2 protein chains.
Amino acid sequence: MATSAERGRQVRSRLLQAAAELVAEQGWNAVSTRMVAERAGVAPGLVHYHFASLPALLTEASVQVMEAVVEGAEQGLSQARTAARALELMLADLDRYPGDDPASRLVSEAMLAAGRDEGLRTAMAGLLARFRARLGDRLAAQGVPDPHRTAAVLAAALDGMMLHRTLDPELTSTAVAPVLGRLLQDGTPGTAQEGHP
Amino acid sequence: MATSAERGRQVRSRLLQAAAELVAEQGWNAVSTRMVAERAGVAPGLVHYHFASLPALLTEASVQVMEAVVEGAEQGLSQARTAARALELMLADLDRYPGDDPASRLVSEAMLAAGRDEGLRTAMAGLLARFRARLGDRLAAQGVPDPHRTAAVLAAALDGMMLHRTLDPELTSTAVAPVLGRLLQDGTPGTAQEGHP
DNA sequence: GTTCGCCTTGGGCGACTGCCCAAATCCAGG
DNA sequence: CCTGGATTTGGGCAGTCGCCCAAGGCGAAC
């Protein structure tokens, strides 16, 4: 049979998963220690044995999930041979995370909670920076102008569209693909980019 | 002197303002009736005299603020004579709502709460649809291709950038302006679009 | 068999929650 | 003056909260 230390680690990971689910379902501030314990199938007191506090548990659980999400996106990205293909793959993620699914909700909840929790904020900032750097590098290799700023805008646009999709289900990947495609091509003359005097 | 009905209306509106502030500061689920009453300077029981429930108060308060935000954005938009100028004005809003200010936070909190509150969701969907329609019409008048889809992407991108800005303060309007400018020009390079044809 | 240390239990603490309500207060109309 | 209706008060209700802790269970080392 498993040693008690091994069982302990398993309980800890079950608590993390339960916490991630509940953050997505109920919202960051609506998750209680007893809820998490019940879903994980353990006694309430165990939460504060394995974690210093409830926010610490929620933070660790959320960061873990978001690392997996970013990992998945980066993996798809690394297979793209052209910028257009990379965009296509990112838009596929838009369908995979429609905005009202657990992963999308968790990311949004964490984004708001990050405004009130410094540790969470720095962790998320690191994740975002890493993803944007990778995307920017890929865009640069494909000759997209201003690649890293474009990457920043693309990442923000994707997040925003996931949010807006809750309010407008018609905001699908096929609907926005041609528009975003314009971001990837050279910006030639014509646009009246009105400068400041 | 004021009649009791007039004082009542004033108390009601103070409760609404206090609720909006607290949603932004503490988060949707962290606002309590007693908090709101204290900030509004009234007795706790008054909350349930003027409002059916706490969610009803939060919803009405948030919708009221968001209506004002959209109103302001539309007003600026109506003064723009070119698509580039319209974009410029929208980016100015990006600086006005840096992501960690009360208005931005309230919008984000409401967006998440809308996923769990049907009334709030339909109210917000209406606001978003109205804004996108106005923006799309303006882009169409300036010859921007696929104007209404472009408007949808622009609106989402703006929201997303406000969110990301809390994680990366360098995501300023000047940094993203040239990238977003590419959204406004024709797919095939060379089509200038200055003023009316 | 005994001891040791990690893991687990379940209840208890004071504080807080949304909502309710009898009683007090207020002012306009009679 | 008094009455009537709207507004306001502050406490009470049953429930939940985060966190804590004495006590017990359990496998490994000796």
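Keep in mind the model is a prediction, meaning the values are calculated, not measured. Just so it is clear: chains get the letters A, B, ... in the order the sequence lines come, proteins before strands, and each one is counted from 1. The basis for the numbers below is simple: all heavy atoms, side chains too, and nothing from hydrogens, waters or symmetry mates.
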Starting at the 5' end of DNA chain D and moving along, which residue's nearest nucleotide shows up first, A/Ser32 or A/Pro44?
A/Ser32

Closest nucleotide among D/dG10, C/dT17, C/dT8 to the A/Val11 side chain
C/dT8

Rounded to whole angstroms, how far apart are CG on B/Asn29 and P on D/dC17?
13 Å

Side chain to side chain contact (heavy atoms under 4.5 Å, CB included) between A/Leu163 and B/Leu163: does it pass, once the steps are laid out?
CA-CA 10 Å; A/Leu163 274 182; B/Leu163 274 182; 3.2 Å; yes

Going only through I, L, V, M, F, W and Y residues with side-chain contacts under 4.5 Å, is there a path from B/Phe131 to B/Leu139?
yes

Rounded to whole Å, how long is the line connecting atom CG of A/Leu46 with atom P of D/dA22?
17 Å

Among C/dC19, D/dT7, D/dG18, which is the nearest nucleotide to the side chain of B/Ser53?
C/dC19

Of the listed C/dC19, D/dC19, D/dT9, the closest approach to the B/Ala43 side chain comes from D/dT9

Indicate, with a heavy-atom threshold strictly under 4.0 Å, whether B/Val31 touches base, sugar-phosphate, or nothing.
sugar-phosphate

Please report the distance, rounded to the nearest Å, between CD in A/Gln10 and C1' in C/dC6.
16 Å

Salt bridge or not between A/Asp95 and A/Arg165? Use side-chain N to carboxylate O under 4.0 Å.
yes

From B/Glu25 atom CD to B/Met35 atom CE, the distance as rounded to the nearest 0.5 Å:
9.5 Å

Rounded to whole Å, how long is the line connecting atom OH of A/Tyr49 with atom P of C/dG10?
17 Å

Between B/His50 and D/dT8, does any side-chain N or O lie under 4.0 Å from OP1 or OP2?
yes

Between D/dT8 atom P and B/Glu6 atom CD, what is the distance in whole Å?
12 Å

Between CZ of B/Arg34 and C1' of C/dC20 the distance, given in whole Å, is 11 Å

Could you go step by step and tell me if B/Trp28 and A/Asn29 meet the side chain to side chain contact (heavy atoms under 4.5 Å, CB included) rule?
CA-CA 8 Å; B/Trp28 187 277; A/Asn29 293 343; over 6 Å; no

Counting any heavy atom closer than 4.0 Å, what does B/Val47 reach on the DNA or RNA strands: base, sugar-phosphate only, or nothing?
nothing

Rounded to whole Å, the CG-P distance (B/Leu57 to C/dG18) equals 11 Å

Tell me the interatomic distance from A/His48, atom NE2, to D/dA22, atom P, rounded to whole angstroms.
17 Å

Ranking A/Ala52 and A/Met35 by the position along DNA chain D of their nearest nucleotide, the one closer to 5' is A/Met35

